[in-house]
**Q** 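Before I ask anything, let me first share the structure, which is written out below as structure tokens.
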Amino acid sequence: MDRTEHLERIEALTKQIASLPKGYLSKKTIGSNVYYYHQWSEKGVKQSRYLHDEEIHTLAEQISRRKALQEQLRSLKAGPQTVQISERRNEVASLKCTFMHKNTAVAEIEIDEATGFVQKINEVFAPEHLPLGIPVVKGRADRAAFNDWWADRSIPASRSGVREALETLEISNTKTLLVRCYGLSLSDQYWICPDGSGLEWANINFFDHEFSDDVGDILFGENKKKDVLNFSSPDNTSDGNLKKRWKIVNGKRCLVKGGSNPFRQQPFNEVIATGIMQRLGIPHVPYTVIWDQGAPYSVCEDFVSKNTELIPAWRILQSQKRSNNTSLYRHFVNCCEALGIKDVVPSLDRMIVLDYIIANEDRHFNNFGALRDAETLEWLGMAPIYDSGSSLGYDRLPAQMRSEQNVICKPFKKHHTEQLKLVSSFDWIDFAQLTDVEELIAEAFSGDGVADYIDDARIKAITAGVKRRIETLKQLASSHTSAGEDTTEDDVAENIAKKYTK
């Protein structure tokens with residue numbers, strides 16, 4: 001490229017960038033509703049505009065495109081060597097891959113390297129191995145549904161500190177991180193194999209092989225330590241809004257997860273929930289608390305193996321169409337039964353009871369689900385309960401905890417009292433096992449450093465609330481005969497899990 005062409009290219013890119021919206025998307029949760037905003041700066045003044053649902057996807061693509069073009073512009077301005085690299089990248093605007101399910105070739109796809117979106121789904125080889133809920137009509141997979149699944153796989157743009165991390169990583173959006181790690185995860189066995197790469201799952205999966213800490217370090221706020229980063233990390237495919245990362249501890253894959261300001265209470269809540277489930281015999285993922293630089297984090301071992309995978313409830317809901325007069329609870333149970341997932345109702349009974357005891361506000365459809373064999377597709381049953389941190393008034397003052405007003409409920413009903421009506425049996429509860437719940441809570445909050453975030457008044461309010469709800473549950477159990485009437489009344493919005501992940 002000569003100097004004239006170089007300048008013309010810079011001018012063209014500058015015009016394209018100017019035509020696209022700048023800024024970023026933000027999300028606010030008010031009560032049980034989620035609202036999205038476009039935020040940007042204009043002459044040093046911060047601007048904000050509410051977004052309607054139909055605007056969100058298009059605007060996100062435009063902002064991602066602007067950032068990708070800005071990267072190209074910086075490369076052009078940096079000098080001839082970088083210009084040549086940028087040109088080569090532009091020659092291959094899309095990455096051709098085979099979409100894989102462990103060792104099974106599922107489909108041919110093409111991914112836009114600038115935005116991370118799937119541009120095309122060509123031949124489908126094994127439709128039964130596509131992610132659950134992606135329809136195939138006349139041999140063609142639904143690309144919009146596939147992109148929804150692919151986007152859900154990426155780090156949410158709303159996660160704490162993610163915008164700063166992207167700047168440090170010099171990446172335009174979180175979906176491009178998926179391509180850097182071939183879409184590999186520690187939750188399932190899906191991945192992409194670029195054409196001509198010769199890659200095999202056995203040689204690159206994160207269950208058998210070590211992975212880089214580079215992305216995790218930056219997501220946790222550390223400065224960039226080296227010029228060339230290793231993007232091979234399951235942190236690229238971790239969902240949720242709280243700060244989190246994967247670490248290998250004594251040979252085990254463990255998820256480390258933080259809490260939100262100002263109380264950083266979620267890690268302690270996970271330990272309390274663990275103790276309650278142990279006492280009640282509820283299948284669960286055990287959590288402990290560690291401290292790093294004066295902040296608490298919860299730690300749990302990965303419950304998915306290289307032979308199994310987690311299918312979130314949100315994907316299970318997509319396996320059948322729901323009629324308007326069918327409740328969300330009944331629709332989920334129907335989907336599970338049609339798929340052949342066993343013991344769904346008893347598992348949901350235990351989850352609903354636990355969530356009532358701990359006043360869980362965030363049991364959305366993407367943090368519970370079922371396990372299946374990744375090769376045979378055999379359903380192994382409901383997954384153990386995990387991710388119970390957003391509970392016990394984690395973001396409320398003690399007076400608000402005592403009043404229990406505006407406590408949000410998910411995934412089926414908006415209020416815990418209504419959701420309890422779905423429980424088919426309380427006979428399995430041994431209330432005698434909960435007599436030491438006060439000691440359990442006190443022990444969870446007894447570590448050094450806890451007082452920096454949580455005081456005695458807060459602990460007392462948490463304890464009183466748990467004991468009060470256990471007593472209410474006892475009374476309900478003593479008079480309970482059968483599940484409540486299954487209606488759509490008080491149902492949550494079905495797409496609440498989908499909104500949560502964006």
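Sequential numbering from 1 along the given sequence is applied to the chain's residues. Quantities reported herein were computed from a predicted structural model and do not represent experimental measurements.
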**Q** Are the charged groups of Lys414 and Asp490 less than 4.0 angstrom apart, N to O?
**A**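 Between Asp490 and Lys414 there is no salt bridge, as every charged N stays at least 4.0 Å from the carboxylate O atoms.
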
**Q** Answer yes or no: is there a donor N or O on one side and an acceptor on the other, between the side chain of Ser347 and the main chain of Asp343, under 3.5 Å?
**A**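 Flag set: sc Ser347 to bb Asp343 pair under 3.5 Å.
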
**Q** Shortest non-hydrogen contact from Thr308 to Val304?
**A**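 For Thr308 versus Val304, the nearest heavy atoms are O-CG1, 3.2 Å.
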
**Q** Between the main-chain N or O of Ser388 and the side-chain N or O of Asn360, is there a donor-acceptor pair closer than 3.5 Å?
**A**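 Not a single qualifying donor-acceptor pair exists.
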
**Q** In terms of side-chain geometry, is the basic nitrogen of Asp491 or Arg322 positioned less than 4.0 Å from the acidic oxygen of its partner?
**A**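 Salt bridge present between Asp491 and Arg322.
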
**Q** Rounded to the nearest 0.5 Å, how far apart are CG of Leu422 and CG of Leu348?
**A**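 The CG atom of Leu348 is 9.0 Å from CG of Leu422, to the nearest 0.5 Å.
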
**Q** Using a 3.5 Å distance criterion without hydrogens, assess whether the side chain of Trp246 forms a donor-acceptor pair with backbone atoms of Ser233.
**A**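 Not at all, since once roles are kept as given, no pair shorter than 3.5 Å links the two residues.
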
**Q** Answer yes when Arg153 and Asp239 have at least one side-chain N-carboxylate O distance shorter than 4.0 Å, and no when they do not.
**A**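 A salt bridge is absent here (no side-chain N lies under 4.0 Å from a carboxylate O).
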
**Q** Between Lys96 and Ile109, does the side chain to side chain contact (heavy atoms under 4.5 Å, CB included) criterion hold? Intermediate values first, please.
**A** CA-CA 6 Å; Lys96 294 184 178 181; Ile109 64 173; over 6 Å; no

**Q** Any side-chain heavy atom of Ile204 within less than 4.5 Å of one from Leu184?
**A**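 Side-chain contact under 4.5 Å: yes.
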
**Q** Not counting sequence neighbours, which residues clear side-chain contact (heavy atoms from CB on, under 4.5 Å) with Gln47? List them please.
**A**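 Applying side-chain contact (heavy atoms from CB on, under 4.5 Å) to Gln47 gives Trp40, Glu42, Val45.
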
**Q** I want to check something: taking the side chain as every heavy atom from C-beta on, are Leu177 and Ile155 in contact at a cut-off of under 4.5 Å?
**A**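 Leu177 reaches Ile155 side chain to side chain.
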
**Q** State, to 0.1 Å, how close Leu354 and Arg363 come at their nearest heavy-atom pair, and which atoms those are.
**A**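 Heavy atoms only, the tightest pair is CD2-NH2, 4.0 Å.
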
**Q** Crowded around Gln293 CD? As in, over 12 foreign heavy atoms under 6.0 Å?
**A**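 Atom CD in Gln293 is not crowded, with 12 or fewer foreign heavy atoms closer than 6.0 Å.
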
**Q** Ile63 versus Lys22: any side-chain heavy-atom pair under 4.5 Å?
**A**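 Counting from C-beta outward, Ile63 and Lys22 never come under 4.5 Å.
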
**Q** Can you list everything that forms a side-chain contact (heavy atoms from CB on, under 4.5 Å) with Glu210? Sequence neighbours excluded, please.
**A**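 Listed in chain order: Ile248.
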
**Q** Would a distance-only check, ignoring hydrogens and angles, find a side-chain to backbone donor-acceptor pair under 3.5 Å from Gln62 to Leu20?
**A**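 Looks like no, no N/O pair under 3.5 Å.
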
**Q** Compute both the distance and the angle, then confirm whether Lys410 meets the cation-pi test with Phe365: under 6.0 Å from the six-membered ring centre, within 45 degrees of the axis.
**A**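 No - Lys410 does not lie over the ring of Phe365 by the 6.0 Å and 45° rule.
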
**Q** Counting only N and O atoms by type, is there a donor-acceptor contact under 3.5 Å from the side chain of Asn367 to the main-chain atoms of His364?
**A**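 Present.
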
**Q** For residues Phe211 and Ser232, report the shortest heavy-atom separation together with the two atoms involved.
**A**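 Smallest interatomic distance, heavy atoms only, reads CB-O, 3.4 Å.
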
**Q** Measure the shortest side-chain to side-chain distance between Thr98 and Ile192 over non-hydrogen atoms and say whether it is less than 4.5 angstrom.
**A**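 Side chain of Thr98 against side chain of Ile192, heavy atoms only: no contact under 4.5 Å found.
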
**Q** Any idea how His101 and Tyr190 line up, ring-wise: parallel (<30°), tilted (30 to 60°), or perpendicular (>60°)?
**A**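 It falls in the parallel class, under 30°.
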
**Q** Without swapping roles, check the side chain of Glu270 against the backbone of Gln266 for a donor-acceptor pair under 3.5 Å.
**A**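 It does not hold such a pair.
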
**Q** Mind checking the CD1-OG spacing from Ile408 to Ser390? Nearest 0.5 Å is all I need.
**A**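 The distance works out to 10.0 Å.
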
**Q** Who pairs with Lys252 by side-chain contact (heavy atoms from CB on, under 4.5 Å), at least two apart in sequence or on another chain?
**A**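 Checked Lys252 against side-chain contact (heavy atoms from CB on, under 4.5 Å); matches are Cys254, Glu301.
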
**Q** Quick check: does any side chain N or O of Tyr287 sit under 3.5 Å from a backbone N or O of Asp387, one acting as donor and the other as acceptor?
**A**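 Such a contact is found between Tyr287 side chain and Asp387 backbone.
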
**Q** Start with the C-alpha distance between His38 and Leu59, add both sets of side-chain angles, then the distance that settles side chain to side chain contact (heavy atoms under 4.5 Å, CB included), and finish with yes or no.
**A** CA-CA 8 Å; His38 175 204; Leu59 183 61; 3.6 Å; yes

**Q** Rounded to the nearest 0.5 Å, what's the gap from OG on Ser48 to CD on Gln39? Could you check?
**A**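 The CD atom of Gln39 is 4.0 Å from OG of Ser48, to the nearest 0.5 Å.
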
**Q** Got Asn205 and Trp191 here, is their nearest side-chain heavy-atom distance under 4.5 Å?
**A**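 Heavy-atom side-chain distance check fails, nothing below 4.5 Å.
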
**Q** Take Asp235 and Lys244 through the test salt bridge (Lys or Arg N to Asp or Glu O under 4.0 Å) and record every step on the way to the result.
**A** CA-CA 8 Å; Asp235 294 321; Lys244 65 175 66 172; over 6 Å; no

**Q** When you measure from the side chain of Asp292 to the backbone of Tyr297, do you find a donor-acceptor pair of N or O atoms at a distance under 3.5 Å?
**A**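 No; zero donor-acceptor contacts below 3.5 Å.
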
**Q** Indicate the atoms forming the closest heavy-atom contact of Trp150 with Gly183, along with that distance.
**A**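 Residues Trp150 and Gly183, closest heavy atoms: CH2-CA, 4.2 Å.
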
**Q** Ignoring hydrogens and geometry beyond distance, is a side-chain donor-acceptor pair present between Glu110 and Asn122 at under 3.5 Å?
**A**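 Present: a donor and an acceptor within the cut-off.
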
**Q** Can you tell me how far CG of Leu377 sits from CD of Glu309, rounded to the nearest 0.5 angstrom?
**A**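 Here the interatomic distance stands at 7.5 Å.
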
**Q** Please report the C-alpha distance between Val137 and Asp142 in whole Å, then the side-chain angles of each, then the deciding distance to 0.1 Å, and finally whether the side chain to side chain contact (heavy atoms under 4.5 Å, CB included) criterion is met.
**A** CA-CA 8 Å; Val137 179; Asp142 187 313; over 6 Å; no

**Q** Which distance, rounded to the nearest 0.5 Å, do you find between the CG of Asp188 and the CG of Leu132?
**A**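 Answer rounded to 0.5 Å: 12.0 Å.
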
**Q** Could you go through Tyr182 and Phe206, starting from their C-alpha distance and side-chain angles, then the distance that decides it, and tell me whether this counts as ring pair (Phe, Tyr, Trp, His ring centres under 6.0 Å)?
**A** CA-CA 11 Å; Tyr182 307 114; Phe206 296 136; 9.2 Å; no

**Q** Passes side chain to side chain contact (heavy atoms under 4.5 Å, CB included), Asp112 versus Ser94? Steps please.
**A** CA-CA 5 Å; Asp112 185 329; Ser94 63; 5.7 Å; no

**Q** How close do Cys409 and Val492 get, counting heavy atoms only, and between which atoms?
**A**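 The pair with the smallest heavy-atom distance is O-CG1, 3.7 Å.
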
**Q** For the residue pair Ser391 and Glu361, establish whether any side-chain heavy-atom pair is separated by less than 4.5 Å.
**A**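 When only atoms from C-beta onward are counted, Glu361 and Ser391 do not touch, as no gap falls below 4.5 Å.
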
**Q** Using the test salt bridge (charged side-chain N to carboxylate O under 4.0 Å, His left out), find all partners of Arg330 that sit at least two apart in sequence or belong to another chain.
**A**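 So Arg330 forms a salt bridge (charged side-chain N to carboxylate O under 4.0 Å, His left out) with Asp486.
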
**Q** Do His52 and Tyr50 make the cut of ring centroids closer than 6.0 angstrom?
**A**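 Centroid distance His52-Tyr50: below 6.0 Å, so yes.
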
**Q** Can you find a heavy atom in the side chain of Tyr386 that is under 4.5 Å from one in the side chain of Leu310?
**A**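 They are in contact (side-chain heavy atoms under 4.5 Å apart), so the answer is yes.
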
**Q** Could you give the distance from SG (Cys193) to CD (Glu108), rounded to the nearest 0.5 Å?
**A**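 It is 11.5 Å, given to the nearest 0.5 Å.
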
**Q** Apply the test ring pair (Phe, Tyr, Trp, His ring centres under 6.0 Å) to residues Phe99 and Phe146: give CA-CA distance (whole Å), side-chain angles for both, the deciding distance (0.1 Å), then the verdict.
**A** CA-CA 11 Å; Phe99 179 64; Phe146 191 97; 5.0 Å; yes

**Q** Val345: what forms a side-chain contact (heavy atoms from CB on, under 4.5 Å) with it, not counting sequence neighbours?
**A**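 For Val345 the side-chain contact (heavy atoms from CB on, under 4.5 Å) partners, ignoring immediate neighbours, are Tyr329, Val333, Asp349, Ser424.
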
**Q** When you measure from the side chain of Asn269 to the backbone of Gly389, do you find a donor-acceptor pair of N or O atoms at a distance under 3.5 Å?
**A**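 Judged by distance alone, yes, a pair lies under 3.5 Å.
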
**Q** Please report the closest heavy-atom contact between Gly133 and Arg315, naming both atoms and the distance.
**A**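 In terms of heavy atoms, the two residues are closest at C-NH2, 3.9 Å.
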
**Q** Could you go through Ser323 and Asn325, starting from their C-alpha distance and side-chain angles, then the distance that decides it, and tell me whether this counts as side chain to side chain donor-acceptor pair (under 3.5 Å)?
**A** CA-CA 6 Å; Ser323 64; Asn325 60 352; 2.9 Å; yes

**Q** Ignoring hydrogens and angles, write down the donor-acceptor pairs under 3.5 Å from the side chains of residues 195-203, residues two or more places apart or on other chains.
**A**
{"from": "Ser197", "atom 1": "OG", "to": "Pro194", "atom 2": "O", "distance (Å)": "2.8"}
{"from": "Ser197", "atom 1": "OG", "to": "Leu199", "atom 2": "N", "distance (Å)": "3.4"}

**Q** Judged by atom type as modelled, is there a donor-acceptor pair below 3.5 Å linking the side chain of Arg66 to the main-chain atoms of Ile17?
**A**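 Indeed, once roles are kept as given, a pair shorter than 3.5 Å links the two residues.
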
**Q** With a 4.5 Å heavy-atom cut-off, do Arg49 and Leu51 have their side chains touching?
**A**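 They are in contact (side-chain heavy atoms under 4.5 Å apart), so the answer is yes.
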
